[in-house]
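Note that these values count all heavy atoms, side chains included, but never hydrogens, waters or copies made by symmetry. If you're wondering where the values come from, they're calculated on a predicted model, not measured in any experiment.
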Amino acid sequence: MYTEGSLKDAMFFLKAFSSNFLARFAPGIYVKLTKDTGRASDDGDAHDVANYHLECFNDYCEYLELPHDDLEHYLKGKEILEYGPGDILGTALLFYAHGAEKVHCVDQFPLTRMSNKNIDVYKHIIESLDGKPKQRAMRAFKIEGDIKNGFNESEINYAVTKIGLSDENNKFDIIISRSVLEHVINLEQTMLNIKSCLKPDGVSVHQVDLRSHGLDRYKEYDFLTWPNCIYQLMYSHKGFPNRWRLNKYKELAESSNLNIIKLKATGFVKKENLDIVLPKVAHKFRGIDHEELSWLGFWMCLEHA
């Protein structure tokens, strides 16, 4: 393991272990204490957060190659599953507004809420729309246009499950996630869940962020040097990075009988930084192709094999 101070690392471990214990046995309390939103950052006002969800929606449309000039026709009758939407179902609202029949959201932690800020986010999202999409967005709530009373579950629903997976089979036309797969407890089970939930002619698109999420202590990527058993004690139940690299995603897609139809890197760690930690990485990362190990994230589209 890469270290520059054993005492610092011991304190780091004890703090992480304690919060992981809390997340395992009292996830609701853990979320309240950490004020986790499920988004990469909680910075910015309601307008900024609304723009983030608009960007997410546009990214999905781009990587799914959806027809921007005929989204309503394409999405009509389609059901969508979103893994790990966080505290605001803004992307789900946009898919529904543009014609989706229903959007299902599933998460491991009970994050979604109708705070004043979140209500303002939904207002900004709706105000960004016009015509039919705007009218549809207003109808997504229990009382049309009344955001504070929450979503009509027959249009947009939200479920919390033990490990954030759906129990549906062959139900969804589109499955999406953004910065979620790198956090799931069991990536193999998640891939199998994508396979079982996806309709035979469906498509699934995911943005995966392989960075440390602030867990590096001294050097970039040194979070990969914690021995796996210790890392699990610190982070296995609170949604921190599971540390799997690109090779694992490719391997599990194949073993789950899913085809990767599109794969695009979003960034790379510098070679000189990787070379520093490479001799100290945990055993499960040894032998991985150095180019694949350098990927900081990627977009991946999947379909049934």
Student: Would you say the side-chain atoms of Tyr218 and Glu4 include a donor-acceptor pair closer than 3.5 Å?
Tutor: no
Student: How many angstroms lie between SG in Cys105 and CZ in Phe95, if you round to the nearest 0.5 Å?
Tutor: 10.5 Å
Student: Let me confirm one number: the CD-CH2 distance from Glu182 to Trp244, rounded to the nearest 0.5 Å.
Tutor: 14.5 Å
Student: Between Glu153 and Lys142, does at least one N-O distance fall below 4.0 Å, as a salt bridge requires?
Tutor: no
Student: Within this structure, what is the CZ-NZ distance for the pair Arg217 and Lys8, rounded to the nearest 0.5 Å?
Tutor: 8.0 Å
Student: Can you tell me if CZ on Arg211 sees more than 12 non-hydrogen neighbours from other groups inside 6.0 Å?
Tutor: no
Student: Without swapping roles, check the side chain of Asn118 against the backbone of Arg113 for a donor-acceptor pair under 3.5 Å.
Tutor: yes
Student: For residues 56-70, which residue pairs qualify under side-chain hydrogen bond (donor to acceptor under 3.5 Å, both in side chains), counting only residues two or more places apart or in two chains?
Tutor: Asp59-Arg178
Student: For His124 and Asp120, which I'm curious about, is there any donor-acceptor pair between the side chains at under 3.5 Å?
Tutor: no
Student: So that I know where these two stand, are His237 and Tyr30 an aromatic pair - ring centroids less than 6.0 Å apart?
Tutor: no
Student: Do Asn228 and His283 come close enough that some side-chain heavy atom pair is under 4.5 Å?
Tutor: no
Student: Regarding Ser166 and Asn193, do their side chains bring together a donor and an acceptor under 3.5 Å, going by distance alone?
Tutor: no
Student: For the ring pair Tyr122 and Phe151, is the centre-to-centre distance below 6.0 Å?
Tutor: yes
Student: Distance-only, no hydrogens or angles: does the Asn20 side chain make a donor-acceptor pair with backbone N or O of Leu233 under 3.5 Å?
Tutor: yes
Student: Measure the spacing between CD1 of Ile119 and NZ of Lys117 and express it to the nearest 0.5 Å.
Tutor: 13.5 Å
Student: Without swapping roles, check the side chain of His53 against the backbone of Thr91 for a donor-acceptor pair under 3.5 Å.
Tutor: yes
Student: Asn242 side chain to Val184 main-chain N or O, any donor-acceptor pair under 3.5 Å?
Tutor: yes
Student: Quick one: does Ile194's side chain get under 4.5 Å of Ser256's, heavy atoms only?
Tutor: no
Student: Is Ser294 reaching over with its side chain to a backbone N or O of Phe268, donor-acceptor style, under 3.5 angstrom?
Tutor: no
Student: In a check of side-chain contact (heavy atoms from CB on, under 4.5 Å) between Gln108 and each of Thr161, Ile185, Ile163, Val160, which one passes?
Tutor: Ile185
Student: Please tell me if the side chains of Ile260 and Leu302 come closer than 4.5 Å, counting only heavy atoms from C-beta onward.
Tutor: yes
Student: For Lys284, what residues pass the salt bridge (Lys or Arg N to Asp or Glu O under 4.0 Å) criterion, not counting sequence neighbours?
Tutor: none
Student: Are Lys148 and Met114 packed together at the side-chain level, in the sense that at least one heavy-atom pair is separated by less than 4.5 angstrom?
Tutor: no
Student: Does the separation of the ring centres of Tyr249 and Phe298 fall below 6.0 angstrom?
Tutor: yes
Student: After noting the C-alpha distance and the side-chain angles of Ile126 and Ile147, does the key distance pass the side-chain contact (heavy atoms from CB on, under 4.5 Å) rule?
Tutor: CA-CA 10 Å; Ile126 292 171; Ile147 299 171; 4.0 Å; yes
Student: Assess whether atom NZ of Lys280 is packed by more than 12 heavy atoms of other residues, nucleotides or ligands within 6.0 Å.
Tutor: no
Student: Counting neighbours of CG on Asp289 that are heavy atoms of other residues, nucleotides or ligands and sit closer than 6.0 Å, is the number greater than 12?
Tutor: yes
Student: Check Glu155 with Arg139, please: is the shortest side-chain N to carboxylate O separation under 4.0 Å?
Tutor: no
Student: Run the numbers on Lys250 and Glu292 for side-chain contact (heavy atoms from CB on, under 4.5 Å), then give the verdict.
Tutor: CA-CA 11 Å; Lys250 293 165 68 175; Glu292 291 194 352; 2.6 Å; yes
Student: Check whether any side-chain heavy atom of Met1 lies under 4.5 Å from a side-chain heavy atom of Pro227, and answer yes or no.
Tutor: yes
Student: Between Ile125 and Gly90, what is the shortest heavy-atom contact and its length?
Tutor: CD1-CA, 3.7 Å
Student: For residues Phe240 and His183, report the shortest heavy-atom separation together with the two atoms involved.
Tutor: C-ND1, 3.5 Å
Student: Does Tyr83 offer a backbone N or O that forms a donor-acceptor pair with the side chain of Ser177 under 3.5 Å?
Tutor: no
Student: What distance do Asp173 atom CG and Lys76 atom NZ have between them, rounded to the nearest 0.5 Å?
Tutor: 14.0 Å
Student: Does the side chain of Met234 reach to within under 4.5 Å of the side chain of Phe13, using non-hydrogen atoms?
Tutor: yes
Student: Answer yes or no: is there a donor N or O on one side and an acceptor on the other, between the side chain of Arg136 and the main chain of Tyr96, under 3.5 Å?
Tutor: yes
Student: Could you tell me whether the side chain of Thr225 reaches within less than 4.5 Å of the side chain of Lys219, counting heavy atoms only?
Tutor: no
Student: Look up atom CD1 in Ile261 and atom CD in Glu303, then write down how far apart they are to the nearest 0.5 Å.
Tutor: 4.5 Å
Student: Taking everything shown except Phe21 itself, do over 12 heavy atoms lie less than 6.0 Å from its CZ?
Tutor: no
Student: Main chain of Tyr221, side chain of Tyr2: is a donor-acceptor contact present, judged purely on distance under 3.5 Å?
Tutor: no
Student: Hey, does the side chain of Arg243 reach the backbone of Tyr231 with a donor-acceptor pair shorter than 3.5 angstrom?
Tutor: no
